[in-house]
Amino acid sequence: MSGIQIMNYMPKSPGTATYQDILDAPSGMLAQIIHGKLDLQPNGAPDHQDTSGELATDLKSHFRKSKFKPGGWLILQEMYVQFDNQEIYRPDISGWRTQTLSSMPTQAVVETIPDWVCEVLSPSTRRIDRTKKMAVYAESGVAHYWILDPKAKSLEAFELEGEKWVLSAIASESDVVRIAPFEDVEIDLQYLWAGEETD
């Protein structure tokens with residue numbers, strides 16, 4: 001599939017926001033620093049949180065015994081990650097290979113770039129997740145980016161090739177998938193969607 005060119009989405013201006021601004025943000029808000037500015041959005045609705053939690057649980061369960069061993073992954077939910085001095089995001093789920101991050105972070109903000117990031121779309125974050133943040137993830141060298149849409153019950157998986165995101169997989173509804181970088185993990189999508197009846 002053709003690559004998606006999203007580098008240099010918009011010029012960065014000198015930022016003024018800091019992590020302290022995130023700490024001082026109103027409770028119940030998703031606070032991030034985007035292009036140097038404090039960005040506030042409502043926290044995800046229950047379906048958003050359920051989708052994120054189900055996928056994170058699947059991955060954490062699979063890698064529970066091997067997360068700090070060769071071939072393992074550390075999977076964290078809603079962990080603040082600093083991508084550069086003007087970008088501090090809180091991805092819904094982030095993943096680091098063992099060779100990238102070999103121990104549990106001890107700081108509130110991780111400075112090591114994840115190998116994989118997953119964002120769960122919501123009405124307030126949909127545009128940012130597909131534009132500004134997607135561009136910064138590419139610029140920072142995140143190798144894999146997944147987008148989950150609870151409303152559409154869909155998963156889009158992107159792989160970074162050079163400076164372009166390439167759409168590597170699309171799945172939806174009750175598909176059962178094995179998608180890079182987690183080819184060893186069977187993911188039954190029907191369990192990711194809130195309110196979905198299962199056997």
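Computed from heavy atoms alone, side chains included, the values below leave out hydrogens, waters and symmetry copies. As the structure is a prediction and not an experimental result, all values here were calculated from the model.
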- Query: Heavy atoms, side chains only, cut-off 4.5 Å: are Pro91 and Val81 in contact?
  - Reply: yes
- Query: Does the side chain of Lys153 reach to within under 4.5 Å of the side chain of Ser172, using non-hydrogen atoms?
  - Reply: no
- Note on the structure: Sorted by chain and residue number, the side chain to side chain contact (heavy atoms under 4.5 Å, CB included) partners of Thr98 (sequence neighbours excluded) come out as none
- For the atom pair CZ (Arg178) and CD (Glu186), what is the distance rounded to the nearest 0.5 Å? 5.0 Å
- ring-ring contact (aromatic ring centres under 6.0 Å, His included) evaluation trace for Phe182 with Trp146: CA-CA 11 Å; Phe182 303 118; Trp146 289 13; 5.8 Å; yes
- OG of Ser122 to CD of Gln41, rounded to nearest 0.5 Å, is 7.5 Å
- Query: Under 3.5 Å, is there a donor-acceptor pair between the Asp84 and Gln86 side chains?
  - Reply: no
- Query: Residues in side chain to side chain contact (heavy atoms under 4.5 Å, CB included) with Ala45, at least two apart?
  - Reply: Asp47
- Message: Has Asp149 got a side-chain atom pairing as donor or acceptor with Ala152's backbone, closer than 3.5 angstrom?
- Response: yes
- Task: Go through the steps for Arg90 and Met79 under the test side chain to side chain contact (heavy atoms under 4.5 Å, CB included), then give the verdict.
- Result: CA-CA 5 Å; Arg90 195 186 75 185; Met79 185 75 195; over 6 Å; no
- Message: I'd like to check Val117 versus Tyr89 (side-chain heavy atoms, cut-off strictly below 4.5 Å). Are they in contact?
- Response: no
- side chain to side chain contact (heavy atoms under 4.5 Å, CB included) between Cys118 and Asp92, worked out: CA-CA 6 Å; Cys118 179; Asp92 289 302; 5.8 Å; no
- Query: Hydrophobic cluster mates of Leu38, side-chain heavy atoms under 4.5 angstrom, ILVMFWY only, any path?
  - Reply: Tyr19, Ile22, Leu23, Met29, Ile33, Leu40, Tyr80, Ile88, Val109
- Query: To the nearest 0.5 Å, what is the distance between NZ (Lys151) and CZ (Arg126)?
  - Reply: 9.5 Å
- Considering all heavy atoms, the nearest Gln77-Gly53 contact: NE2-CA, 3.6 Å
- Task: Kindly work out whether a path of hydrophobic side-chain contacts (I/L/V/M/F/W/Y, heavy atoms less than 4.5 Å apart) joins Val120 to Ile179.
- Result: yes
- Task: For side chain to side chain contact (heavy atoms under 4.5 Å, CB included), just list the numbers for Ile128 and Asp39, CA-CA rounded to whole Å, side-chain angles, deciding distance to a tenth of an Å, and then say yes or no.
- Result: CA-CA 10 Å; Ile128 293 172; Asp39 183 87; 3.8 Å; yes
- Item | Pairwise side-chain contact, Leu74 with Ser102, heavy-atom cut-off 4.5 Å (strictly under) | no
- Message: Quick check against the 3.5 Å criterion: does Ser140 have a side-chain atom that pairs as donor or acceptor with the backbone of Val136?
- Response: yes
- Note on the structure: What one should report as the nearest heavy-atom pair of Gly44 and Gln49 is O-NE2, 2.7 Å
- Could you give the distance from CG (Leu148) to CG (Leu55), rounded to the nearest 0.5 Å? 6.0 Å
- Message: Assigning hydrophobic clusters by single linkage (Ile, Leu, Val, Met, Phe, Trp, Tyr; side-chain heavy-atom cutoff under 4.5 Å), is Leu101 placed with Tyr145?
- Response: yes
- Message: Count I, L, V, M, F, W, Y as connected when their side-chain heavy atoms are under 4.5 Å apart, and connections chain through other members. Are Leu160 and Ile113 then in the same cluster?
- Response: yes
- Message: Minimum heavy-atom separation for Ala138 and Trp165, please, with both atom names.
- Response: CB-NE1, 3.4 Å
- Answer with yes or no whether the hydrophobic clustering places Ile34 together with Phe83; edges join I, L, V, M, F, W, Y residues whose side-chain heavy atoms lie under 4.5 Å apart. yes
- Item | Nearest atoms (heavy-atom pairs only) where Lys37 meets Thr16 | NZ-OG1, 4.2 Å
- Check: Ile93 and Ile75 side chains under 4.5 Å, non-hydrogen atoms: yes
- Message: Which heavy atom of Gly36 sits nearest to which heavy atom of Glu87, and what is that distance?
- Response: N-OE2, 4.3 Å
- Tell me, do Gln190 and Glu173 make a side-chain contact under 4.5 Å, heavy atoms counted? no
- Residue pairs involving residues 58-76 (criterion side-chain hydrogen bond (donor to acceptor under 3.5 Å, both in side chains); sequence neighbours excluded): none
- State the CZ-CE distance between Arg127 and Met134, to the nearest 0.5 angstrom. 14.5 Å
- Message: Nearest 0.5 Å, please: how far is OG in Ser168 from CD in Glu156?
- Response: 10.5 Å
- Query: Do Leu189 and Leu155 come close enough that some side-chain heavy atom pair is under 4.5 Å?
  - Reply: yes
- Message: Strictly distance-based, threshold 3.5 Å: is any side-chain N or O of Thr51 a donor or acceptor partner for the main-chain N or O of Leu192?
- Response: yes
- Query: Val185, Val176: one ILVMFWY side-chain cluster at the under-4.5 Å cut-off?
  - Reply: no
- Note on the structure: Sorted by chain and residue number, the side chain to side chain contact (heavy atoms under 4.5 Å, CB included) partners of Thr18 (sequence neighbours excluded) come out as Gln20, Asp21
- Kindly state each residue pair satisfying side-chain hydrogen bond (donor to acceptor under 3.5 Å, both in side chains) with at least one member in residues 104-119, sequence neighbours excluded. Thr100-Asp115, Glu119-Lys133, Glu119-Tyr137
